J.: 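Just dropping this structure here.
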Amino acid sequence: MSKKAILYRMVTKEHICPYGLRSKDLLEREGYSVEDNHLTSRNETDDFKQKHGVETTPQTFIEEKRIGGYDELRKYFGKGKAGQNGTTYAPVIAIFSVAALLSLAFQFFVSEDFISIRTLVLFIAFSMTLLAVQKLKDLYSFTNSFITYDLLAMRWLRYGYIYPFIEAYAGIGMVAQLPAITVAPFSLFIGTVGAISVFKAVYVDKRELKCACVGGDSNVPLGFVSLSENIFMIAGALLMLSF
């Protein structure tokens with residue numbers, strides 16, 4: 001016999017509950033046939049909550065027993081809490097991975113050769129540019145985190161607001177192959193200051209901080225991965241000056 005579940009979720013012209021959709025998807029992936037009941041107005045939703053003594057929807061019932069909302073349903077199936085929890089390197093890994101693929105694709109397009117010094121420079125450039133975008137989307141949030149460990153930003157707060165623009169300029173300049181003297185000094189400067197700042201905060205002061213490298217709202221811990229952003233900037237500058 002097929003397993004059956006009854007789901008009540010909010011579906012109106014103005015709002016479709018995302019957790020209702022997630023509950024339905026989870027039930028179906030667990031092999032359940034879902035009786036999908038839509039609560040099509042705020043009044044209907046409020047009446048449902050009052051009738052069953054609950055504060056939120058969706059609500060799932062299995063074998064005439066109320067399981068609860070999406071979090072409770074995940075717990076029922078032995079799954080952990082949904083979404084990102086705690087610190088993670090996922091944002092940085094995603095950016096570096098996309099940057100690597102972009103650099104390989106770009107280099108192959110222009111020369112039909114995947115691996116070269118230019119590929120490495122492109123990887124650094126794309127990484128810097130993508131990281132700069134993450135910072136620029138919310139400068140206030142970024143600077144709130146950045147000024148807690150960057151040595152220059154601590155003394156001159158406005159540097160925190162300028163930093164992402166310099167990073168973006170340096171990355172774009174590397175892609176465009178602008179003259180090294182117009183790009184490399186900027187990359188070298190922010191990379192060196194950043195590397196010293198991260199090293200001091202993490203390895204000397206032993207502080208546990210979140211890195212602002214992918215924006216102020218990230219849960220990326222300040223550490224070696226954060227230091228790598230600055231090392232890339234320094235390496236990119238030196239490569240430009242060398243060739």
Side-chain angles (χ1 to χ4, degrees), residues 89-137 139 142-143 145-147 149-156 158-204 211-215 218 220-243:
Y89 289 107
V92 177
I93 293 171
I95 287 173
F96 285 167
S97 297
V98 171
L101 293 172
L102 276 172
S103 62
L104 290 169
F106 191 92
Q107 183 64 16
F108 181 75
F109 173 74
V110 298
S111 67
E112 296 188 358
D113 181 22
F114 281 114
I115 305 299
S116 68
I117 294 297
R118 179 62 180 160
T119 308
L120 177 58
V121 174
L122 284 170
F123 167 69
I124 294 169
F126 285 131
S127 296
M128 290 173 65
T129 306
L130 291 171
L131 287 166
V133 169
Q134 293 297 307
K135 299 175 179 72
L136 289 168
K137 69 181 182 180
L139 279 172
F142 160 69
T143 54
S145 179
F146 188 64
I147 62 178
Y149 64 85
D150 186 87
L151 296 174
L152 180 54
M154 285 180 182
R155 293 177 175 271
W156 184 40
R158 304 311 299 177
Y159 173 67
Y161 286 90
I162 298 170
Y163 177 96
F165 292 96
I166 299 176
E167 184 175 30
Y169 165 74
I172 294 168
M174 288 179 190
V175 175
Q177 293 185 281
L178 296 179
I181 195 64
T182 66
V183 177
F186 294 95
S187 182
L188 187 60
F189 176 79
I190 63 174
T192 302
V193 173
I196 294 171
S197 299
V198 173
F199 186 85
K200 181 179 184 300
V202 175
Y203 300 106
V204 178
C211 181
C213 55
V214 290
S218 79
V220 176
L222 192 69
F224 176 76
V225 173
S226 313
L227 188 61
S228 65
E229 175 189 12
N230 301 293
I231 293 173
F232 286 156
M233 291 179 189
I234 296 170
L238 296 176
L239 285 170
M240 287 192 76
L241 293 170
S242 300
F243 294 92

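Computed from a predicted model, the values in this text were never measured in an experiment.
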J.: Rounded to the nearest 0.5 Å, how far does CG of L227 lie from SG of C211?
T.: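 With rounding to 0.5 Å, SG (C211) is 10.0 Å from CG (L227).
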
J.: Keeping T119 on the side-chain end and L104 on the backbone end, is there a donor-acceptor pair under 3.5 Å?
T.: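 The answer is no, because no donor-acceptor pair under 3.5 Å joins these two groups.
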
J.: Report the relative orientation of the aromatic rings in F146 and Y149; use parallel for angles under 30°, tilted for 30 to 60°, perpendicular for over 60°.
T.: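 Ring orientation of F146 relative to Y149: perpendicular.
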
J.: Tell me whether the rings of F232 and F123 are parallel (<30°), tilted (30 to 60°) or perpendicular (>60°).
T.: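 Perpendicular.
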
J.: Between CD1 of I196 and CG of D150, what distance do you get to the nearest 0.5 Å?
T.: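 Reported value, rounded in 0.5 Å steps: 10.0 Å.
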
J.: Once rounded to the nearest 0.5 Å, what's the spacing between atom OH of Y161 and atom CH2 of W156?
T.: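 Result: 13.0 Å between the selected atoms.
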
J.: In terms of the angle between their ring planes, are Y169 and F186 parallel, tilted or perpendicular, with boundaries placed at 30° and 60°?
T.: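 Y169 and F186: perpendicular rings.
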
J.: Minimum heavy-atom separation for A184 and L241, please, with both atom names.
T.: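 What the structure gives for the nearest pair is CB-CG, 3.7 Å.
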
J.: Looking only at heavy atoms, what is the nearest atom pair of A125 and M174, with distance?
T.: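 Taking every non-hydrogen atom into account, CB-CB, 3.5 Å.
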
J.: I190 and N230: which non-hydrogen atoms are nearest, and at how many Å?
T.: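 Taking every non-hydrogen atom into account, O-OD1, 3.9 Å.
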
J.: With a cut-off of 6.0 Å (strictly less than), are more than 12 heavy atoms of other residues, nucleotides or ligands near CZ of F224?
T.: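 No - once you tally the heavy atoms of other residues, nucleotides and ligands closer than 6.0 Å, there are 12 at most.
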
J.: Picking from V98, I93, V92, what satisfies side chain to side chain contact (heavy atoms under 4.5 Å, CB included) with F96?
T.: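 Among V98, I93, V92, the one meeting side chain to side chain contact (heavy atoms under 4.5 Å, CB included) with F96 is V92.
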
J.: Using every non-hydrogen atom in the two residues, find where S187 and M128 come nearest and quote the distance to one decimal.
T.: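 That would be OG-CE, 3.8 Å.
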
J.: How far does CD of E167 sit from CD1 of I162, to the nearest 0.5 angstrom?
T.: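 The distance works out to 14.0 Å.
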
J.: If you take all heavy atoms of M233 and I124, which pair is closest and at what distance?
T.: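 It is N-CG2, 4.5 Å.
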
J.: Please report the interatomic distance OH(Y159) to CG(L151), rounded to the nearest 0.5 Å.
T.: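 Rounded to the nearest 0.5 Å, the OH-CG separation comes to 10.0 Å.
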
J.: Would you mind reporting whether S111 and R118 have side-chain heavy atoms less than 4.5 Å apart?
T.: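 Result no, sub-4.5 Å side-chain heavy-atom pair not found.
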
J.: Are the side chains of I172 and T129 in contact, using a 4.5 Å heavy-atom criterion?
T.: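 When only atoms from C-beta onward are counted, I172 and T129 do touch, with a gap below 4.5 Å.
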
J.: Could you pull out the closest heavy-atom pair between V193 and S197, with the gap in Å?
T.: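 Looking at all heavy atoms of both residues, the shortest contact is O-OG, 2.8 Å.
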
J.: Would you mind reporting whether L139 and P164 have side-chain heavy atoms less than 4.5 Å apart?
T.: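 A side-chain contact under 4.5 Å exists here.
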
J.: With sequence neighbours left out, what residues match S145 under side chain to side chain donor-acceptor pair (under 3.5 Å)?
T.: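 Partners of S145 by the side chain to side chain donor-acceptor pair (under 3.5 Å) criterion come out as none, since no residue qualifies.
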
J.: Taking C-beta and beyond as the side chain, do L136 and F165 meet within less than 4.5 Å on heavy atoms?
T.: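 Side-chain contact under 4.5 Å: yes.
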
J.: Are Q107 and S103 linked by a side-chain donor-acceptor pair shorter than 3.5 Å?
T.: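 The answer is no; no qualifying pair exists.
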
J.: Say you draw a straight line from CD1 of I95 to CG of L131; how long is it, rounded to the nearest 0.5 Å?
T.: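 Between I95 CD1 and L131 CG, I get 4.5 Å after rounding to 0.5 Å.
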
